[in-house]
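Okay, structure first, notes after.
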Amino acid sequence: MQPLAGDALLALWERGATLHPIDRALHVLAYAAPGRDPEALARLPLGVRDALLLAARRATLGDRIEAQDACPACGERIEVALACSALAAGEAPPSPEWPLEAAGYRLRLRPLDSHDAAASAQAGDVAAARALLLARCVVAAEHDGESVPPEALPEAVAAAAAASVAEHDGAAELMLSLACPRCGHAWSSVLDAAGFVWTELAARAQRLMQDVHALARAYGWREADILALSDARRAAYLALATA
Ligand SMILES: [Zn+2]
């Protein structure tokens with residue numbers, strides 16, 4: 001995975017800012033993994049996509065993540081230190097398809113990808129989105145030798161299918177186990193890897209623009225020349241310019 005250089009990071013931020021979050025995640029991957037077919041990236045299981053996004057984050061901003069959350073019991077703000085490598089080192093990529101038996105129903109399931117996520121985002125409400133994702137991850141279903149459409153599956157079977165998809169594409173839901181140092185409450189929180197990585201890259205792009213602004217004002221240098229400086233050299237000139 002290539003680190004994103006200064007000019008690429010600004011171009012990424014500029015074009016990504018107006019995109020839907022799902023397109024934005026694919027946009028980041030297209031920059032971080034140049035040469036990979038965009039359609040193949042869109043077809044990646046969501047957990048595999050998120051592992052790649054975390055690898056891009058690690059290559060550009062380092063392995064250590066400092067995340068924040070609030071205790072649901074007492075409201076205390078807590079900071080959690082995580083490592084991209086530990087978050088992304090989930091299980092192997094899911095199989096293209098796998099079987100599931102639940103309550104006498106025999107299903108074949110597949111992982112969800114960015115096309116599925118984009119379709120569900122336009123579904124209107126949560127129930128419609130859930131039905132759409134179920135219809136997409138259930139490749140085939142039968143009961144007593146008869147084929148059953150996904151919308152006719154009993155609630156318990158639909159829930160088992162959803163749980164199986166989450167389990168097979170493990171990294172798609174990054175569960176963090178947290179505990180409050182003030183009141184001792186323990187809870188779990190789901191990290192939205194795609195949203196998180198974008199927020200961090202966008203913050204880095206904005207800090208870079210502040211640096212460009214300060215150096216251009218101090219020395220009259222061009223944006224491209226300032227962005228081409230190494231981080232260490234840019235920081236050294238900034239310290240001199242603002243001393
Ligand atoms: Zn608490």
Side-chain angles (χ1 to χ4, degrees), residues 1 4 9 13 16-17 19-25 28-29 32 45-92 94 111-112 114 116-118 120-121 123-134 137 155-156 158-208 210:
M1 184 66 65
L4 288 161
L9 194 60
W13 168 82
L19 296 176
H20 183 276
I22 295 162
D23 295 324
R24 195 181 268 168
V28 174
L29 279 186
L46 293 173
V48 177
R49 179 203 68 175
D50 286 356
L52 275 177
L53 285 171
L54 286 166
R57 191 274 183 204
R58 185 185 182 197
T60 302
L61 301 176
D63 194 34
R64 187 182 160 87
I65 295 176
E66 289 182 5
Q68 296 182 347
D69 204 355
C71 171
C74 75
E76 175 87 347
R77 300 291 308 174
I78 66 157
E79 301 215 336
V80 212
L82 308 161
C84 284
S85 48
L87 288 173
E91 300 92 84
L112 295 167
S114 297
D116 303 320
S120 81
D125 60 52
V126 174
R130 195 164 167 272
L132 185 143
L133 291 177
L134 182 71
C137 72
E155 181 56 33
S164 180
V165 168
E167 186 189 327
H168 275 75
D169 192 16
E173 283 210 344
L174 297 167
M175 291 287 279
L176 308 178
S177 297
L178 304 173
C180 176
R182 187 165 142 208
C183 74
H185 182 73
W187 74 101
S188 54
S189 180
V190 176
L191 180 73
D192 164 19
F196 177 78
V197 168
W198 170 259
T199 302
E200 287 202 312
L201 291 176
R204 169 82 179 132
Q206 285 177 340
R207 280 198 305 276
L208 260 180
Q210 287 169 1

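Whatever order the structure lists ligands and atoms in, that order sets their numbers, starting from 1.
By the side chain to side chain contact (heavy atoms under 4.5 Å, CB included) test, T60 pairs with P3, L4, L201, sequence neighbours left out. Partners of S120 by side chain to side chain contact (heavy atoms under 4.5 Å, CB included), not counting sequence neighbours, listed by chain and number: A129, L132, L133.
In this structure, the side chains of V80 and Q68 stay at 4.5 Å or more apart for every pair of heavy atoms.
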Cut-off 3.5 Å, no hydrogens considered: what does the side-chain donor-acceptor table look like for residues 69-78, sequence neighbours left out?
from	atom 1	to	atom 2	distance (Å)
D69	OD2	W187	NE1	3.3
D69	OD2	S189	OG	3.2
E76	OE1	R182	NH1	2.9

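Scanning both residues, L19 and R24, for their nearest heavy atoms gives O-NH2, 3.3 Å.
Among protein atoms, those of element N, O or S found less than 2.8 Å away from the Zn ion (ligand 1) are C71 SG, C74 SG, C180 SG, C183 SG.
Salt-bridge formation is detected for the pair E155/R130: a Lys NZ or Arg NE/NH1/NH2 atom is positioned less than 4.0 Å from an Asp or Glu carboxylate oxygen.
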